[in-house]
Amino acid sequence: MNKLFITGIGTEVGKTICSAVLVEYFKADYWKPLQSGDLDNSDSHKIEHCTKNTICHPEAYRFELAASPHQSAAEEHIEIDIENFKLPKTDNNLIVEGAGGLMVPLSDHVFMIDLIEKLSLPVGLVVRNYLGCINHTLLSVMALYQKEIKLQFLILNGTFPPDTERVITGFIKKETRIIRIPEMDRPTKESIKAAAEQLTKTNL
């Protein structure tokens, strides 16, 4: 792995926890292109807290309002310009974490999936089990396939009923690797490190 964009099938599916595990595993830098809300406890802060000696590159946009980026930007009379997103220069591996899911709007006509396409990055799609997750996962995978964006990793965050996992994993292409991240309500450096060490057995 060199650079990877982490997205999810929706909000609150554990993208930051999964990003932390992959940062630790790949000894990667971290970049959150935009942060809406929680500026005093941003996702970059969480990554710094849960991993060891990680370089977190500054966000391109930071907004006070915890809302969809296009709404947060409008509150501050700012228009998000997709051309302002430039990958940080680094010789290390890089984990890029998006906000929400693929169709989160950056403006009225530009969405998170367009940013992924612009950055030309493969994707790690984070999936969490809840009623409706099969539908949300398959729609997300279809959107990536439609845009011809490489789905490098399907990341199963937490435990899944066998019937749910079978349908989801049966839908993806064989080239996509499956990563399983254990349930972590309150991640610590120790639990993130342990999860990263567990991944070494899967030979990503």
Using every non-hydrogen atom in the two residues, find where [X] and [Y] come nearest and quote the distance to one decimal.
X: S36; Y: P69; result: OG-CA, 3.7 Å
X: T51; Y: K189; result: O-CE, 3.3 Å
X: L102; Y: S140; result: CD1-O, 3.4 Å
X: A99; Y: L34; result: CB-CD1, 4.0 Å

Between [X] and [Y], is there shared hydrophobic-cluster membership here, with clusters defined by ILVMFWY side-chain heavy atoms closer than 4.5 Å?
X: Y61; Y: L65; value: no
X: L151; Y: V167; value: yes
X: I55; Y: I6; value: no
X: I168; Y: F171; value: yes

Option among K32, K46, E97 that satisfies the side chain to side chain donor-acceptor pair (under 3.5 Å) test with T16: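 Per the side chain to side chain donor-acceptor pair (under 3.5 Å) rule, the option paired with T16 is E97, out of K32, K46, E97.
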Just distance, no hydrogens or angles: give the donor-acceptor pairs under 3.5 Å from side chains in residues 118-131, sequence neighbours left out.
| residue | atom | partner | partner atom | Å |
| --- | --- | --- | --- | --- |
| K118 | NZ | F85 | O | 3.0 |
| R128 | NH2 | E183 | OE2 | 2.3 |
| Y130 | OH | H136 | ND1 | 2.7 |

Pair H57-D29, side-chain donor/acceptor within less than 3.5 Å: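 H57 vs D29: donor-acceptor pair found between side chains.
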Check: Y145 side chain, K173 main-chain N or O, donor-acceptor pair, under 3.5 Å: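 Here the side-chain-to-backbone pair exists.
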Cationic N near anionic O, under 4.0 Å, E190 to K193: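 No.
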Neighbour count >12 (heavy atoms, 6.0 Å) for atom CD, E175: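 Yes, enclosed.
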